[in-house]
Amino acid sequence: MRSFLSLSLLILLTLFKPESVPGPCGALPSESQLAWHEMEYYMFVHFTVNTFTDKEWGYGDESPEIFNPTGLDCRQWARVAKEAGMKGIIITAKHHDGFCLWPSKYTEHSMKNSPWRNGKGDVLRELRQACDEYGLKMGVYLSPWDRNSAVYGSREYIDYYRNQLRELLTNYGEIFEVWFDGANGGDGYYGGARETRRIDNRTYYDWPNTIQIVRELQPGAVMFSDAGPDVRWVGNERGVGSLTNWCRLNRDDMYPGGPFAKILGQGHEDGKYWVPAEVDVSIRPGWFWHQKEDSLVKSPEKLLDIFYSSIGRNCNLLLNVPPDRRGLIHENDVKSLLGFKELLDKEFANELARGKKVTASSSRGRKFLPTNVNDGNPDTYWATSDEITNAELIIDLGKETEVNRILLQEYIRLGQRIQEFSVEAFSGGEWIHILDGTTIGYKIIRKFPMVKASKIKVRIIKSKACPLISNIELYRAPGD
Ligand code: FUL
């Protein structure tokens, strides 16, 4: 009798053991970074005097009078971005030439001295209104290198730079991302000196104090540079993220413009900070509009490749679409962007996993069931108990079904964990190996040759702590 009682007690305890939420693993994302991950795809707008001089890097001696777009319409940019499926726009408020697209009170090198809108215009203000109208977020690029400024290279310039940053961060509503470019070429106009000025990237800009200004004025914004602090460069401008991609980085000794391109793709597995990667790439060969490149706009198919090598590899995609001399996105670019959106819609039209039966070799308890991976709710996830870092999960499709894409997401609020996984398909009565992978993170999407499968198995082979998977989607995409 006694042993019966203690056995019942044990069973009851096991059944009703309070489920503990998994503890965090390594560096974690901030709320702003989590919101940033969900942005996924947004537009970069390179526009300035270069658009009119046919250059990529303006020297800084341009007359402001050359800035005179004949039909500038930020609403067209926003409409195109929205129709293309983008969630925001980041604009070059000032590129290396130092020319400002807003009437900064700290310089004469701006559109206030141009014939455009009789010098009374403000591109940033118009973009703000357009973004609000179309429900897009807005970000700013403010080049640290300034080839126009007479004081560039001295301490005075840092105050100048910060004053401009303050203008941008106080007068134009909520900013979601501030973009710090690492490029520092040396020669420039510099108020007429026309010389080469070298600065020490590590110390000159006194980044920690500039970062503080952004934190104070726009606490919800993330800051991008080669070295974060919040979002890192992916290390190339070709649109290619790394298959192994940790959202973590040891950035303490890093700085914008440093020699880090090689490590930026993968990040650091045990990095001290959460600093995910952003892919920046242009729809054209150059960053600015050049008539000779009107025929060289990337095709929808090429953009789809870039989608898989960026968003499909745990990166956000910042796609540059430079307005022309009218101040409009050129017809060829619009066509390509919308064509790409059409391809995307077709690619992901048939989701096959939602609501299907899911089982797992192990799970943590009722709140962390395997069915959390296909319930469409990003806040629920499947978890194993703490000591288990190797487990498998099977989605039962009910009948043999054609599949050729898999999308996986970790519950990154508690850190990025998975180091190695594989996918198998149950086809023709046996399990066949489909693909191997390393990291997952916020999201990955992998292509594989079409397979007719009745079940799909995801094997977590190695994980830094118990795996937490919030989402799995399966698709049958056209083509292939
Ligand atoms: C680079 C710049 O030098 C290019 O002109 C462009 O703005 C690109 C996004 O970043 O470092």
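Numbers here simply count residues along the sequence, with the first being 1. Just so we're clear, the structure is a prediction, and the values are computed from it rather than from any experiment. Counting convention: from 1, in listed order, for ligands and their atoms alike.
In the vicinity of A183, heavy-atom distances shorter than 4.0 Å reach the ligand 1 atoms 3 (O), 11 (O). Atoms of ligand 1 found under 4.0 Å from any heavy atom of E237, numbered from 1 in the order shown, are 1 (C), 8 (C), 10 (O). Distances below 4.0 Å separate heavy atoms of Y141 from the following atoms of ligand 1: 7 (O). Of all the atoms in ligand 1, the ones that sit under 4.0 Å from a non-hydrogen atom of F44 are 9 (C). Atoms of ligand 1 lying under 4.0 Å from at least one heavy atom of H96, given by number and element, are 2 (C), 3 (O).
Between V279 and G241, the shortest heavy-atom contact is CG2-N, 4.2 Å. Across all their heavy atoms, R325 and F52 have their closest contact at NH2-O, 3.5 Å.
Checked options D294, D54, N50; the residue passing with W289 is D294 (criterion: side chain to side chain donor-acceptor pair (under 3.5 Å)).
The shortest heavy-atom distance from F288 to ligand 1 is not under 4.0 Å.
Not a single N or O atom of D280, backbone or side chain, sits closer than 3.5 Å to an N or O atom of ligand 1. For a threshold of 3.5 Å applied to N or O pairs, the pair formed by E56 and ligand 1 contains no separation below that value. Taking only nitrogen or oxygen atoms, main chain and side chain alike, D181 reaches within less than 3.5 Å of ligand 1.
Within a 6.0 Å sphere centred on CD of E174, other residues, nucleotides and ligands contribute 12 heavy atoms or fewer.
Side-chain contact check for H95 and Y141: at least one donor-acceptor pair (N or O, by modelled atom type) lies under 3.5 Å. W36 and E177 share a side-chain donor-acceptor pair at under 3.5 Å.
Taking the charged nitrogens against the carboxylate oxygens, E126 and R117 do have a contact shorter than 4.0 Å, which makes a salt bridge.
Scanning all protein heavy atoms for the shortest distance to atom 7 (O) of ligand 1 gives H46 NE2, 2.7 Å.
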